[in-house]
Structure formats: structure tokens, C-alpha cells
2 protein chains.
Amino acid sequence: MALTADRFTVYLMKMNVNFNNKRVLDDLSNCLAGKGLRFSRKRMEVIEHFIGSTRHYTVEQLYDEIRKTNPGIGYSTVYRALKLLAECGMAKVHHFNENETRYEPAGKNRDHDHLVCEECGRIIEFTSEGIEHLQRRIALENDFSARRHEFQIYGLCSKCRGKEGRTS
Amino acid sequence: MALTADRFTVYLMKMNVNFNNKRVLDDLSNCLAGKGLRFSRKRMEVIEHFIGSTRHYTVEQLYDEIRKTNPGIGYSTVYRALKLLAECGMAKVHHFNENETRYEPAGKNRDHDHLVCEECGRIIEFTSEGIEHLQRRIALENDFSARRHEFQIYGLCSKCRGKEGRTS
DNA sequence: ATTGTTGCAAAGAGTTTGCAATGCT
DNA sequence: AGCATTGCAAACTCTTTGCAACAAT
């Protein structure tokens with residue numbers, strides 16, 4: 001039986017996964033189907049766990065978390081699943097800090113950017129119309145076709161600012 | 001004899017290095033002095049080559065380029081010099097693409113961000129007052145002390161857009 | 001039955017580090 | 001003389017891959 005978005009939806013419902021972005025869902029089943037891939041239990045467990053959350057995971061974090069309930073899953077499976085999700089547009093890849101790759105479920109809410117606390121590592125999401133405008137204007141001014149952007153603000157979150165000297 | 005900004009300036013002039021940002025210069029000599037470091041010929045050759053350019057180097061690129069004129073310099077020296085420069089605030093580190101670390105001389109001109117062509121890798125710098133405003137506003141709205149930001153716009157530069165289908 | 005998937009261990013890529021020789025001061 | 005610096009090779013970390021056993025279709 002061919003892999004379809006409908007079938008995948010049923011699968012996700014069965015797994016009780018809260019995933020309501022139709023476009024990205026189609027992307028995934030198309031991506032799987034287009035590559036001749038199958039529904040494997042373990043891969044789906046990784047995807048379920050990942051999609052069900054709102055965190056910005058390192059591979060290690062996701063691996064450790066999944067191992068708690070599914071000790072039989074290996075590192076490479078997590079790597080392979082995340083890579084697949086990224087290719088299908090279901091995961092966004094970030095490099096907030098040096099030598100650190102983080103994966104975030106895409107489509108969980110609308111486009112956003114991040115505040116990154118350099119002290120505790122906390123990541124705060126924000127959306128800003130202003131950035132979209134800026135992106136368009138800057139692209140225009142530089143004769144550039146913008147596809148996407150990365151915008152991070154680094155500093156101290158409210159909690160950590162308290163501990164260090166005031167910044168204002 | 002202690003390492004001073006003046007002495008360093010003389011050194012740079014001797015080497016014919018175009019480096020006119022006083023503040024960053026002070027940072028470097030202070031950084032060197034503070035760490036009890038010495039003026040070594042090889043490190044200075046790396047620094048000279050790096051500071052004299054306006055590129056966004058990978059370690060490998062810088063290494064290859066320096067080796068053309070200084071075949072005696074090793075990989076680790078380049079790594080160590082760039083790391084030092086980054087610590088002293090004379091080099092900015094970027095991760096424009098996955099698995100790629102690039103170093104850019106800081107202080108060569110005022111703060112700027114980057115357009116990154118996903119086709120040919122070209123990097124275009126731009127400055128935008130708007131982003132500074134946004135950073136301040138967003139930080140305020142989220143009770144966050146902003147120190148710095150990273151903003152990249154990914155897409156196609158004018159040359160590469162011509163080859164692919166129009167985007168508009 | 002056929003072909004994709006997995007875990008493991010090994011291999012890669014990028015970066016750092018221990019150490020003996022060398023260079024600054 | 002005393003200590004920083006260097007190049008090399010080895011070590012390290014993160015990620016990918018080959019392969020034999022296993023699972024999905």
C-alpha cells in the first residue's frame with residue numbers, strides 16, 4: 001500500500017500526536033513516498049517524540065529522552081530521522097552556539113526567531129513583522145532573492161541578568 | 001619589555017598592516033599582555049594576513065592562502081591565532097552554512113550583517129539601522145539584555161538568480 | 001520475497017592538545 | 001635562562017556509513 005498523507009494522518013492520530021500543519025504533513029508523506037521509504041516503528045517513535053514537543057533539541061538530548069521510554073533506539077536512528085525531517089521541512093536546524101546543532105519542529109507555530117541567553121542557554125521565541133519587512137527591503141536594495149533568514153539576539157535573560165551586574 | 005599598544009602599533013606599521021581601529025587594537029595588545037603572550041613571528045604573520053583582508057575565511061582558506069607565502073606555518077598555528085583573535089574581539093565567528101566556521105576581521109567597518117547566496121556562497125555585507133532598533137525593541141518586550149545579534153538572509157544573489165528560474 | 005531499517009562499530013571531518021624542539025624576551 | 005610558541009601526530013567530538021540481522025510491505 002502506498003504511503004499517503006491520509007494514511008500518515010491516521011498513523012499520527014493513532015499515536016496521539018498533535019500535529020496540525022497540513023502543508024508540512026503533506027511534505028513529510030510526500031518526502032517519504034518520494035524516497036520509497038517505509039513506516040518503521042522506531043523512526044516513527046523518534047518523529048512522534050520530536051514533533052510532540054516544542055523544544056530545540058540537540059541530537060543527544062532527543063536521544064537521551066527517547067531512550068528513557070525506548071531503550072532500544074540507537075544514536076544513528078535519531079540522526080537519520082532528524083536528517084530526514086530536516087529534508088522534508090519538518091525540522092528546522094539551528095546553530096545558536098558554537099559547535100552545537102539543534103533541531104526544532106517546524107510548523108508548530110508561525111515563523112519566529114530566537115533570543116538566546118548566553119548564561120543559562122534558555123531560548124525564547126519571538127515573532128516580528130518588522131524583520132520580515134526588513135528582509136524584503138534589504139533584499140531589494142541588494143538585488144537579492146531572499147528565501148529565508150536567521151535572526152538571533154544573544155544576551156542575558158531576565159533571570160540571569162539579576163545574578164550578574166545590571167546592564168541597565 | 002612589556003607589550004603595549006604603542007609597541008604593537010609600531011610592529012604593525014613595520015609590517016605595513018592597514019589596521020586603523022584604535023579600540024580593537026588596544027583590545028588585542030591588552031589581550032596579549034593580559035595573557036602573558038609574546039610577539040611571535042608566525043602568529044603575527046597569520047594576524048597580518050587575516051587583518052589585512054576583508055574576507056570571511058574558513059580556517060582552511062586562511063591556511064592555504066598563508067601557506068603560499070609562508071609554507072612553514074602549520075594548521076594548529078592558524079587555529080590558535082584565530083581563536084586568540086576571536087577572544088580578543090578582533091575576529092568575528094560566523095556559521096553561515098552547516099558545518100562551516102568562518103572568521104571575519106572585526107572592526108574593519110561598522111557593524112553589519114550578511115546576505116548569503118545559497119548557490120555560489122557569495123557573502124554580501126549590509127548595515128541596517130532598522131535591525132538595531134528591532135533588537136532593542138524585542139529585547140525590551142522580552143525583558144532581555146541584548147549584547148549582540150546574528151542576522152543572515154539566505155537566498156540567491158543577482159548572478160545566481162539569473163541562472164535559475166526567476167523569483168520575481 | 002524483496003527491499004528498507006536498525007544498531008553497532010568503524011570511518012570521516014573539523015578542531016584541540018601533548019610534547020619535544022624552537023623562538024622571544 | 002625561562003617560558004611562550006610551533007608543528008606534528010594523536011586525541012577528541014560530532015556525524016556519517018558499511019554491514020549483517022531484522023522489519024515492513
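These numbers come from the heavy atoms of this one structure, side chains and all, not from hydrogens, waters or symmetry mates. What you are looking at is a predicted structure, and each value in this text was computed from that prediction instead of being measured. So you know, we letter chains A, B, ... as the sequences are listed, proteins then strands, and number each from 1.
Rounded to an integer number of Å, the gap from CD of A:Glu98 to P of C:dT15 is 9 Å. Across the protein-nucleic acid pair, A:Met44 atom CE and D:dA24 atom C1' stand 11 Å apart, rounded to whole Å. With rounding to whole Å, A:Asn99 atom CG is found 9 Å from D:dC14 atom C1'. The interatomic distance linking B:Leu32 (CG) with C:dT25 (C1') rounds to 14 Å, in whole Å. As a whole-Å value, the separation of B:Tyr75 OH from C:dA13 C1' is 10 Å. Distance A:Ile73 CD1 to C:dC8 P: 12 Å, rounded to the nearest Å. Between B:Lys35 atom NZ and C:dC24 atom P the separation is 21 Å, expressed in whole Å. Distance, A:Ile47 CD1 to C:dT6 P: 9 Å, rounded to whole Å.
Proximity note for A:Lys42 (side chain, C-beta onward) versus C:dT6, C:dT16, D:dC8: the nearest is C:dT6. Of the listed nucleotides (D:dC8, D:dG18, C:dG4), C:dG4 has the atom at the smallest distance from the side chain of A:Leu37. Side-chain proximity of A:Lys83 to D:dT15, D:dT16, C:dT15: nearest is D:dT16. Listed nucleotides C:dT15, C:dT17, C:dC8 differ in distance to B:Val59; the shortest reach to its side chain belongs to C:dT15. In the set C:dG14, D:dA9, C:dT25, the nucleotide with an atom closest to the side chain of B:Tyr79 is C:dG14.
The pair A:Arg161-B:Asp143 counts as a salt bridge, with a side-chain nitrogen and a carboxylate oxygen less than 4.0 angstrom apart.
Between B:Ser40 and the phosphate of D:dT6, there is a side-chain N or O to OP1/OP2 separation shorter than 4.0 Å. Side-chain N/O atoms of B:Thr101 include none lying less than 4.0 angstrom from OP1 or OP2 on C:dG14.
When the side chains of ILVMFWY residues are joined at heavy-atom separations under 4.5 Å, either directly or via intervening members, B:Tyr103 and B:Ile73 end up in a single hydrophobic cluster. The same ILVMFWY cluster, assembled from side-chain heavy atoms under 4.5 Å apart, contains both A:Val46 and A:Met44. Cluster membership for A:Leu32 and A:Leu85, using ILVMFWY side-chain heavy atoms within less than 4.5 angstrom, is shared.
Remark: the B:Gln152 side chain and the A:His149 side chain contain no N/O donor-acceptor pair separated by less than 3.5 Å.
Checking B:Arg67 against A:Tyr103, the closest nucleotide of DNA chain D that is more toward the 5' end is the one next to B:Arg67.
Scanning atom types as modelled, no donor and acceptor separated by under 3.5 angstrom connect the side chain of B:Arg41 and the base of C:dC24. Judged by distance alone with a 3.5 Å cut-off, a donor-acceptor contact links the side chain of A:Arg38 to the base of C:dT3.
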